[in-house]
Amino acid sequence: MSTPTQQQQKAIEGSGGILLSAGAGTGKTATLVNRCIRLVTESEVDIDRILMVTFTNAAAAEMRQRIREALQKKLEADPGNSRLLRQVSLLESSYISTIHS
């Protein structure tokens with residue numbers, strides 16, 4: 001993700017639940033991925049305790065893939081990190097789905 005806008009940064013760093021609504025191509029997925037990664041690495045929330053909902057299966061799959069890639073990148077920098085390893089193992093059972101699910 002390029003440098004987040006001020007509004008995106010507020011969403012990434014905010015506490016509690018958020019609703020992110022914006023037009024196509026505005027960085028919603030990148031913002032949610034960064035928020036998720038921040039929560040699981042800095043706030044010690046397990047990824048299977050976060051609910052991320054989008055409108056399409058393709059968007060949910062893309063979000064899951066981007067989170068996987070971000071976690072893998074962090075693991076490459078810190079391969080012995082058991083917390084990160086746990087998050088990768090929990091990713092497939094995490095709640096990243098569509099409104100219809």
Side-chain angles (χ1 to χ4, degrees):
M1 176 177 180
S2 59
T3 303
T5 66
Q6 186 176 14
Q7 288 178 316
Q8 289 169 329
Q9 196 62 41
K10 286 171 104 174
I12 292 167
E13 295 175 354
S15 62
I18 65 163
L19 171 63
L20 193 59
S21 177
T26 58
K28 293 180 301 294
T29 300
T31 299
L32 288 173
V33 166
N34 279 307
R35 179 178 172 84
C36 178
I37 295 301
R38 186 190 67 77
L39 286 170
V40 300
T41 59
E42 295 176 19
S43 300
E44 303 220 356
V45 174
D46 282 334
I47 198 161
D48 65 342
R49 304 291 298 164
I50 300 171
L51 172 64
M52 287 187 278
V53 179
T54 188
F55 284 99
T56 67
N57 289 326
E62 179 181 352
M63 199 174 312
R64 187 179 305 275
Q65 181 60 32
R66 286 191 191 186
I67 291 169
R68 180 180 295 107
E69 289 169 0
L71 288 172
Q72 293 290 6
K73 187 174 180 180
K74 288 194 173 286
L75 263 175
E76 287 173 12
D78 188 6
N81 188 318
S82 60
R83 172 116 185 101
L84 290 173
L85 288 168
R86 176 172 165 73
Q87 300 315 302
V88 170
S89 71
L90 291 172
L91 183 59
E92 290 310 312
S93 62
S94 63
Y95 301 101
I96 303 171
S97 61
T98 65
I99 287 177
H100 307 296
S101 295

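Values in this document were obtained by computation on a predicted structure and should not be read as measured data.
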Practice problem: With sequence neighbours excluded, tell me which residues meet side-chain hydrogen bond (donor to acceptor under 3.5 Å, both in side chains) with Arg86. | Solution: Asp46

Show me, pair by pair, the donor-acceptor contacts under 3.5 angstrom made by side chains of residues 68-75, not counting sequence neighbours?
| unit_1 | atom_1 | unit_2 | atom_2 | d |
| --- | --- | --- | --- | --- |
| Arg68 | NH1 | Gln65 | OE1 | 2.7 |
| Arg68 | NH2 | Glu92 | OE2 | 2.1 |
| Glu69 | OE2 | Gln65 | NE2 | 3.0 |

Self-check item: For the student: nearest non-hydrogen atoms of Thr54 and Ala59, plus distance
Solution: OG1-CB, 3.5 Å

Exercise. Kindly give the heavy-atom pair with the smallest separation between Leu91 and Arg64, and that separation in Å.
Key: O-NH1, 2.5 Å

Quiz prompt | Exercise: identify the closest heavy-atom pair between Ile96 and Ile67 | solution = CD1-CD1, 3.8 Å

Quiz item: Do you know the tightest heavy-atom contact between Ile47 and Gln87?
Solution: N-OE1, 2.7 Å

Quiz item: When rounded to the nearest 0.5 angstrom, what distance separates OG in Ser93 from CG in Asp48?
Solution: 5.0 Å

Quiz item: Going from CE on Met52 to OG on Ser97, what distance comes out if it is rounded to the nearest 0.5 angstrom?
Solution: 9.5 Å

Quiz item: How many angstroms lie between CD1 in Ile12 and SG in Cys36, if you round to the nearest 0.5 Å?
Solution: 11.5 Å

Quiz prompt | Spatial distance of atom OG1 (Thr26) from atom CD (Gln8) [nearest 0.5 Å] | solution = 7.0 Å

Self-check item: Thr29: side-chain hydrogen bond (donor to acceptor under 3.5 Å, both in side chains) partners, not counting sequence neighbours
Solution: none

Self-check item: Arg35 CZ to Lys10 NZ distance, which is reported to the nearest 0.5 Å
Solution: 13.0 Å

Exercise. State, with a plain yes or no, whether a side-chain heavy atom of Ile50 is found less than 4.5 Å away from one of Tyr95.
Key: no

Quiz item: How long is the span from the CZ atom in Arg49 to the CG atom in Leu39, to the nearest 0.5 Å?
Solution: 13.0 Å

Quiz item: Is the backbone of Thr41 close enough, under 3.5 Å, to the side chain of Arg83 for a donor and an acceptor to pair up by distance?
Solution: no

